[in-house]
There are 2 protein chains.
Amino acid sequence: MVTPRTLRTRARILDAALDLFENQGYDGTTVNQIAEAAGVTPMTFFRHFPTKDAVLVTDPYDPLIAEAVGAQPVGLPPLERTRLGLLAALGEITPTEDSTARRRVALVATSPSLRAAMSAGTEATRDAIVERLTADGVDRLDAAISASACLAATTAALLAWGSAPSDVTLADLVRRALAQLAPAGATA
Amino acid sequence: MVTPRTLRTRARILDAALDLFENQGYDGTTVNQIAEAAGVTPMTFFRHFPTKDAVLVTDPYDPLIAEAVGAQPVGLPPLERTRLGLLAALGEITPTEDSTARRRVALVATSPSLRAAMSAGTEATRDAIVERLTADGVDRLDAAISASACLAATTAALLAWGSAPSDVTLADLVRRALAQLAPAGATA
DNA sequence: CGCCGAATTGTTAGTGGCTAACATTAGGGG
DNA sequence: CCCCTAATGTTAGCCACTAACAATTCGGCG
């Protein structure tokens, strides 16, 4: 049941949080401050966001990515399958970019605790990929290695994007990152 | 000044912590419980370990690794330099393995919060590598991508080692992990 | 062997993230 | 426009972690 009221409150909290984070830093901002700025109780904050970092860190793309990886030719080595899968998924994700995406990424890059939260989120994506690969008979460790390496490269690109000139697109950086993992430095 | 007393207390806390973590899980154990089991005040715990997770997560190898990466031929692409550097460093690190290493790794693998702490530690290693590579003129983003990917693969191997049969060595797994990042699936 | 002083530990009080249980309010569908 | 339910508030509390100051212990020195 998604009532309009819920959406309004959530948006108020989110706005207040982004403002405060940008003005006084993530670690320098308390949940109480966010709640007060949003005209709300701290308790209400946690009803809308399970943790403080959830305001900035979300990734709902796991199934999409796992599917894209699975769609690559089964004969390829797992690293290559994962790499091509991520590149394919990129096309479907980037358009969805909402306007605050860059602000959020830039903020995540500033705080170790936030990057830790993001890396926790990435684990879920990695696990989704690993499940998909092992389903095709790939060894579990090999799958974990491939997925971890590709996602780490992608994450590096993502963080760089946060502070890149505004004409640089995320897709460009991710392509560049994954190109480095291509076999024998292929230009693909 | 490393007095014997300090070492004893530290060892008592460490033993108590490992026992409790293994018996009731990391997240199911409070610092107070550890302190009590070690016959010490919670405050004293934090004087010996800056955080709860510091009992399990440490990596003093950053300079060694960065140096090993720098020692690889400058002409190679950054990914390959990093990869070979890590393999070289592996030889000097593994012997140091103390007996609790495997227990610790196995514990880290069990808790998301611990893996997050480890990933924060890995960032320091990554930064050390990036500094070393950029010093040789490598583009910063390229360096970050290479270091992130190689370290992620290594971490995957490390975590797998925690629950691997006892005749499997860490070095074996890491070599296998980094082999996947080798150009054109070379056997080296 | 005992004493002195520095290093280690304890005490107290507090902050911030986060949760549980229960009471209260408010908004929108009928 | 009223009522019912979803949303919010209230209170109390746990846990990781920190600061400032007081109390100890212990090891090296005479």
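Note on naming: letters A, B, ... go to the chains in the order of the sequence lines (proteins, then strands), and numbering restarts at 1 for each one.
Tested against A/T122, the residues A/T154, A/L158, A/L151, A/D62 include a single side-chain contact (heavy atoms from CB on, under 4.5 Å) partner, A/L151.
When distances are taken from the side chain of B/R47 to each of D/dT10, D/dA7, C/dT9, the shortest belongs to C/dT9. Distances were taken from every side-chain heavy atom of B/T3 (C-beta onward) to each of D/dG27, C/dT8, D/dG9; the shortest belongs to C/dT8. Of all nucleotides listed (C/dC18, C/dA21, C/dT9), C/dC18 comes nearest to the side chain of A/T51. Nearest nucleotide to the side chain of B/M43, out of D/dA19, C/dG28, D/dT10: D/dA19. The side chain of A/R5 approaches D/dA7 more closely than any other nucleotide in the set D/dG9, C/dA20, D/dA7. Among the nucleotides D/dT8, C/dG16, C/dT9, the one closest to the side chain of B/T44 is C/dT9.
Along DNA chain D, the nucleotide closest to B/P4 and the one closest to B/F46 are compared, and the more 5′ of them pairs with B/F46. The residue among B/P50 and A/T41 whose nearest nucleotide of DNA chain D is located toward the 5' end is A/T41. Mapping B/V40 and A/V31 onto DNA chain C via the closest heavy atom, the residue that lands nearer the 5' end is B/V40.
Distance B/Y26 OH to D/dC15 P: 14 Å, rounded to the nearest Å. The distance between atom CD of B/Q33 and atom C1' of D/dA16, rounded to the nearest whole Å, is 13 Å. If you measure from atom CG of B/N32 to atom C1' of D/dT18, you get 14 Å, rounded to the nearest angstrom. In this structure, the CZ atom of A/F45 is 17 Å from the C1' atom of D/dG9, given to the nearest Å. B/I13 places its CD1 atom 13 Å from the C1' atom of C/dG10, with the value rounded to the nearest Å.
Of the charged side-chain nitrogens involved, none lies within less than 4.0 Å of a carboxylate oxygen, so that B/E131 and B/R126 do not count as a salt-bridged pair. Taking 4.0 Å as the cut-off between side-chain N and carboxylate O, A/R176 and A/D172 do not count as a salt-bridged pair.
Heavy atoms of A/T29 sit under 4.0 angstrom from primed sugar atoms or phosphate atoms, though from no base atom.
Side-chain contact between A/T125 and A/Y61 is absent, with no heavy-atom pair separated by less than 4.5 Å.
Figure legend: A/K52 and A/Y26 shown as a cation-pi pair, the cationic atom lying under 6.0 angstrom from the six-membered ring centre and within 45 degrees of its axis.
Phosphate contact (OP1/OP2 of C/dT8, side-chain N/O of B/T6, threshold under 4.0 Å): present. Close to D/dA7, at under 4.0 Å from its OP1 or OP2, lies no side-chain N or O of A/H48. A sub-4.0 Å separation between OP1 or OP2 of C/dG28 and a side-chain N or O of A/R8 is present.
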